Structures are given as C-alpha cells and as structure tokens.
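What follows is a single structure, written as structure tokens, with notes after it.
Small disclaimer: the values here were computed from a predicted structure and weren't measured. No hydrogens, no waters, no symmetry mates; every other heavy atom, side chains included, goes into these values. Each chain gets a letter, A, B and so on, in the order the sequences are listed, and its residues count up from 1.
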Amino acid sequence: MLDLNFIREHPAEVKEALRKLHTDAPIDAILQYDEERRQLLTESEALRARRNAVSKEMGTLQRQLKKAQGAERERLQSHFAEMREEMRQVGERIKAIEERINDVEAQLRAAMLEVPNLPHESVPPGADESENVVVRTEGEPRAFDFEPLPHWDLGPMLGIIDFERGVKIAGTRFYVLKGWGARLQRALVDWMLDLHVNEHGYTEVYPPFLVKQDCMWGAGQFPKFRENVYYDTEDDLYLVPTAEVPLTNLHRDEVLEPGTLPLYYVAHSPCFRREKMSAGRDTRGIKRVHQFDKVEMYKFVEPHTSYDELEAMVNDAEDVCRRLNIPHRVVQMCTGDLGFQAAKKYDVEMWAPGCQEWLEVSSISNCEAFQARRANIRYRPAKGEKPQFVHTLNGSGLALPRVIIAIMENYQQADGSIVVPEVLRPYMGGITVIK
RNA sequence: GGAGGGAUGGCCGAGUGGACGAAGGCGACGGUCUUGAAAACCGUUGUGGCGGCAACGUCACCGGGGGUUCGAAUCCCUCUCCCUCCGCCA
C-alpha cells in the first residue's frame with residue numbers, strides 16, 4: 001500500500017510511475033474517495049461535538065431537576081425535552097453521515113489495496129522480462145564430454161523422482177521424491193538453514209503454513225494472486241504460497257521498540273501454488289509444480305538501510321550457489337517485471353545444462369514500506385518518537401526443486417549417476433554419488 | 001465437540017447509563033532534596049483521524065462488529081481470543 005498523503009500531494013508523479021510499471025490503478029477514484037471522506041468526517045465531527053456538549057448539559061440539568069420544585073421544575077423539564085428532541089435529530093444525521101463514511105472508507109481501502117508498489121529510481125525501465133538486466137554472472141558452465149540429460153530423464157532413471165505416482169496420488173504437476181532424491185531435498189534444507197543461521201545472522205522460524213485471509217492481504221498476495229492459492233473455505237484459511245506470508249505477518253500490528261531492528265528471519269516451508277495463471281507453461285519435470293519446499297529469508301529494517309540490506313540479501317542467496325559450485329547469474333527486474341509488492345527486485349538464476357536454461361532459484365525484493373503499511377508494522381526510531389513504518393525485504397534462499405534440478409543436471413556423469421556436491425555430503429550420510 | 005469464566009491504558013486493577021480518556025497502584029520520564037545514589041515529595045506519562053504554518057482545537061478508541069438510548073466502558077445481540085473442567089487426539 002502506498003502512503004495516501006503521498007498520492008494526494010503528488011498524483012501526477014504516482015500516475016507517471018504506474019505508466020512505467022505498465023499497469024493501471026484507480027488513482028482518480030482514490031483521490032475522490034479521500035476528498036469525500038474528509039468532508040464527511042469534518043461534518044460528522046462537528047455534529048458529535050455538539051452532541052457531546054449538549055449531553056453534558058443534560059446530565060447537569062437532570063441533577064438539578066431532582067431538586068427542583070413547582071414551576072421551576074416544569075420549566076427545566078420542558079427544556080430537557082426540547083434538547084432531547086434536538087439531539088434525537090442530530091443523532092439521526094450523525095448516523096446517516098457515518099454510514100456513508102463507512103461506505104466511502106471501505107471503497108477507499110479497497111482501491112488502495114489495488115495499487116502496486118512504485119519502482120525505486122534505480123530500476124531500469126522496460127515493458128516486460130525481456131528488458132531485465134543481467135547484473136553479473138559467476139562460474140563457468142561445465143564442459144561436458146557427453147550430452148547432458150534433463151532432470152526429467154535422470155530422475156526416473158535413478159529412481160529418485162517418480163512422476164507417474166505423483167500424478168496418480170494428486171494429479172498433474174505433482175511428483176514424488178524417493179530415496180536419495182528425498183534425502184537430497186532434506187539435506188539441502190538443513191544445510192541452507194544452517195548456512196543462513198550460522199554465517200548470515202538469520203534467526204530460524206517455524207511458522208504456520210495455513211494463514212488467515214488478513215495475512216494474504218498484508219503480505220500483498222491479495223488481491224492479485226487470489227486465483228493462485230489453495231484455501232479452506234470452511235475455516236477461511238489459506239495454504240501459504242511462500243513462507244514470506246507468515247513471516248511478513250509475524251510483526252503485524254506491532255510497534256517495534258528502539259534497538260529491535262534489524263530483524264533477520266529464515267524459515268523453511270512447503271509452498272502451495274495453483275499455477276492457474278501459468279497453465280500450460282513448463283509442464284515437464286519439477287520446475288513448476290503445485291507443491292514445493294523453499295527456504296525463505298526475510299528482513300525487517302529501518303528505511304534508510306533497506307537498499308544496503310537488499311544487496312546483502314542477494315549476496316546471501318548467491319553464497320548458496322557459490323558453495324554448491326553451480327554457475328549462477330543475477331538479474332535485475334525492469335519496471336515492467338517488478339511484480340506487485342517490490343520497489344526493486346533481483347532474481348538469482350542457476351544454469352541447468354540438461355534443460356538448457358537459466359532457472360530462477362531466488363527472487364529478492366525490497367518492498368520498502370509497502371507490506372508494512374498493509375500489515376501495520378511500525379518501529380519507534382528512538383524513545384519517545386512517533387512510530388514509523390519499517391521496510392521489509394524477502395528473498396528465497398533458495399527454492400528447492402529447482403536447486404535439485406540444477407544439482408542433478410550439473411553434477412551428472414556419463415552413466416547417469418550424480419555426484420553429491422561436497423558441502424552436502426555431511427548431510428547425506430557421507431555418500432559421494434547417487435546412482 | 002460439551003459446560004462454565006473472562007477481555008479496561010506499558011503492566012496490575014476500580015468503575016451506580018450523564019462529573020469518565022477513564023479512580024488507585026506499579027513502571028517509565030522530568031524536577032525538588034542529596035557530594036552521588038536511594039528514599040521521600042511534586043509533576044508528566046497512550047494511539048490514530050480531521051482542521052491549522054503553528055500554538056492548538058476537535059473527534060474516535062475500555063477485545064472486534066452491530067443494536068437500544070437524547071447520551072454507553074456500563075444494557076442487549078453477535079464474533080474473536082484467553083482461562084478452567086469434561087471428551088477426543090499426534
């Protein structure tokens with residue numbers, strides 16, 4: 001959510017920024033609702049002030065009435081009745097105006113929730129992903145003396161990925177990891193969590209994987225990704241599409257006291273996505289599936305530090321690639337590919353020689369105060385000062401089935417076996433090859 | 001799932017439909033006293049909206065929402081959460 005004051009004071013700037021994002025949002029409606037809301041508010045408050053004053057008088061009058069006698073009593077009584085009648089009418093007007101205010105506020109809020117975040121000035125302009133910018137590439141693609149196979153061939157050959165049974169159990173885009181495949185995933189999760197906790201300073205979190213609807217709005221998943229989440233209608237609970245959702249909401253409606261920031265969290269969670277919007281894309285293998293595991297990094301920071309924190313988080317994700325010894329590159333999203341929440345975003349991609357493509361294994365965003373405003377997460381800069389919105393950042397560290405793809409395809413040997421990356425061997429019972 | 005009990009400021013805790021943004025206490029902050037500290041005493045001590053350059057004014061907020069009333073922390077309905085007991089359960 002953007003700052004309403006900012007929209008009010010710089011409407012042209014906001015509209016220009018939205019043009020760069022190649023999206024649209026109901027800015028004029030927002031301005032109109034805002035104007036009407038403030039007008040109505042002034043009116044109802046004046047009426048309330050009047051009612052408060054008269055009510056006070058009536059209290060005093062009633063006490064006098066108890067002692068009064070004869071004509072004096074009657075005079076007071078009729079005065080009281082007059083006031084009561086006037087206040088009854090004032091009450092009705094207040095009620096009518098406030099109904100209208102509720103209505104306008106609901107529409108204003110709904111419109112505000114539709115507006116995406118605005119891009120940071122350092123974001124390159126561009127219409128879509130074709131105009132993203134490769135910032136750097138690290139690591140040399142391995143030279144094969146045989147034709148490297150894609151993971152959808154290697155997996156079944158080794159008996160570590162079972163596509164047919166996944167489909168039998170849960171339908172298309174589901175899969176089963178078995179034996180060393182399942183173990184490889186568990187090893188990766190453990191190793192990545194240990195890395196971020198021990199060397200990058202994050203605190204491990206085990207959050208709920210089902211969340212209330214508020215959380216989806218707070219993290220900015222709704223309204224845009226409504227179609228893409230699984231949910232339980234009976235209890236109105238939503239399966240998390242990423243641990244970013246519960247992590248964002250960890251400090252919802254809180255004021256963090258001075259000295260608390262920055263907060264770094266890391267959580268492993270399953271992620272559930274219906275992938276409705278991507279129907280028909282990436283149908284082979286485990287690149288795009290309905291259920292996958294991910295290790296997610298999340299930061300709550302003071303605004304003036306958030307862009308340094310973003311670079312640091314990108315580095316934390318790259319560190320995973322480096323230690324696995326898999327070539328990767330960092331891509332900066334252009335304005336047209338920023339998504340809904342981010343002011344600035346990088347993707348980290350691993351090279352997959354089997355399917356011959358760069359696999360997005362991480363997406364790292366600075367959301368600035370966008371999520372903080374939606375979820376009402378503030379901090380107190382110093383004792384006695386007013387609370388302000390924090391900046392939030394999120395990034396995968398990393399997304400699992402894709403890292404498994406990259407390991408399988410990069411570490412495969414001519415006989416179809418897969419060498420276990422050195423850093424993972426302690427987590428794999430010491431084995432060196434999956435065969 | 002069943003039966004009861006509860007939710008008031010940073011915390012504890014009072015509150016008869018009008019004097020209540022709310023007693024009292026604790027804590028925190030400022031001050032007096034003191035060489036310094038403690039104690040004692042005095043004072044301050046929430047958030048948000050709207051208007052205003054500002055001082056300030058005004059409105060809202062006693063778990064959330066609705067209702068009754070001229071007027072609600074107080075009465076009614078409803079939801080949520082917490083506690084106790086019973087049942088079930090990894």
- Message: Students often get this wrong, so: under 4.0 angstrom with heavy atoms, is Arg378(A) touching a base, only sugar-phosphate, or nothing?
- Response: sugar-phosphate

- Between C1' of rC81(B) and CG of Asp253(A), the distance in whole Å: 14 Å

- Message: Classify Lys212(A) by what it touches in the nucleic acid, base, sugar-phosphate, or nothing, heavy-atom distance under 4.0 Å.
- Response: nothing

- Does the pair Glu114(A)/Lys224(A) count as a salt bridge with the N-to-O cut at 4.0 Å? no

- Write down the partner of rU68(B) under the Watson-Crick or G-U wobble criteria, each distance required to be under 3.5 Å. none

- Task: Quote, to the nearest angstrom, the P distance that separates rU74(B) from rG49(B).
- Result: 25 Å

- Tell which nucleotide pairs with rU84(B), taking only Watson-Crick or G-U wobble pairs whose two distances are both under 3.5 angstrom. rA3(B)

- Query: How long is the line joining CD of Gln62(A) and P of rU16(B), in whole Å?
  - Reply: 17 Å

- Message: Roughly how many Å apart are rU34(B) and rA14(B), using the C1' atom of each and rounding to a whole number?
- Response: 37 Å

- Query: Among Glu105(A), Glu43(A), Glu36(A), whose salt bridge (Lys or Arg N to Asp or Glu O under 4.0 Å) with Arg100(A) holds?
  - Reply: Glu36(A)

- Query: For Leu47(A) and rC59(B), what is the distance between atoms CG and P respectively, to the nearest whole Å?
  - Reply: 12 Å

- Message: I want to verify a distance call: between rC50(B), rC70(B), rG18(B), whose nearest atom is closest to the Arg88(A) side chain?
- Response: rC70(B)

- Short side-chain N/O contact to rC59(B) OP1/OP2 from Asn52(A), under 4.0 Å: yes

- Send over the distance from Ile101(A) CD1 to rC59(B) P, rounded to a whole Å. 14 Å

- Item | Tyr202(A) and His200(A) aromatic ring geometry - parallel, tilted or perpendicular at 30°/60° bounds | perpendicular

- Task: Kindly give the heavy-atom pair with the smallest separation between His151(A) and Glu409(A), and that separation in Å.
- Result: N-OE2, 2.8 Å

- Query: For atom C1', what is the distance between rA7(B) and rC61(B), given to the nearest Å?
  - Reply: 16 Å

- Item | P atoms of rU44(B) and rA22(B), separation to the nearest Å | 12 Å

- Message: If I take atom CZ in residue Arg50(A) and atom P in nucleotide rC70(B), what distance separates them, rounded to the nearest angstrom?
- Response: 16 Å

- Query: Applying a 3.5 Å limit to both distances, which nucleotide forms a Watson-Crick or G-U wobble pair with rG36(B)?
  - Reply: none

- Item | Arg322(A), CZ: over 12 other non-hydrogen atoms inside 6.0 angstrom | yes

- Considering only atom P, compute the distance from rG13(B) to rC26(B) and round it to an integer number of Å. 15 Å

- Query: Taking atom C1' in both rG71(B) and rU78(B), what distance in whole Å separates the two?
  - Reply: 23 Å

- Task: Please determine if a side-chain N or O atom of Arg48(A) lies less than 4.0 Å away from the OP1 or OP2 oxygen of rA60(B).
- Result: yes

- For rG17(B), the Watson-Crick or wobble partner whose two distances fall under 3.5 Å: none

- Gln77(A) CD to rC70(B) C1', straight-line distance once rounded to whole Å: 15 Å

- Message: Return whichever of Gly91(A) or Thr42(A) has its heavy-atom-nearest nucleotide of RNA chain B closer to the 5' end.
- Response: Thr42(A)

- Note on the structure: The Watson-Crick or G-U wobble partner of rC29(B), with both key distances under 3.5 Å, is rG43(B)

- Task: With RNA chain B as reference, determine whether Arg84(A) or Glu45(A) sits nearer its 5' end, using the nearest nucleotide of each.
- Result: Glu45(A)

- Query: To the nearest Å, how far apart are Glu35(A) CD and rC50(B) P?
  - Reply: 12 Å

- Task: Would you please confirm or rule out a distance under 4.0 Å between OP1 or OP2 of rC70(B) and any side-chain N or O of Lys56(A)?
- Result: no

- Message: What's the gap between rA39(B) and rC29(B) when it is taken at their P atoms, as a whole Å value?
- Response: 12 Å

- Are His290(A) and Phe272(A) close enough that their ring centers fall under 6.0 Å? no

- Message: Counting only side-chain heavy atoms from C-beta out, which of rG49(B), rG48(B), rC70(B) sits nearest to Arg37(A)?
- Response: rG49(B)

- Note on the structure: Answer for the Watson-Crick or wobble partner of rC62(B), both distances under 3.5 Å, is none

- Can you check the Asn102(A) CG to rC59(B) P distance for me, whole Å? 19 Å

- Query: Counting just side-chain N and O atoms, does Arg38(A) come under 4.0 Å of either OP1 or OP2 of rC50(B)?
  - Reply: no

- Query: Of the nucleotides rG18(B), rG48(B), rC50(B), which has the atom closest to the Pro387(A) side chain?
  - Reply: rG48(B)

- Write down the distance separating the P atoms in rG9(B) and rC62(B), rounded off to the nearest Å. 10 Å

- Task: Name the nucleic acid region contacted by Met58(A), choosing base, sugar-phosphate or nothing; use a 4.0 angstrom heavy-atom cut-off, strictly under.
- Result: base

- Note on the structure: Closest non-hydrogen contact found for Val240(A) with Leu210(A) is CG1-N, 4.4 Å

- Message: Using a strict threshold of under 4.0 Å (side-chain N to carboxylate O), is an ion pair present between Glu275(A) and Arg288(A)?
- Response: yes

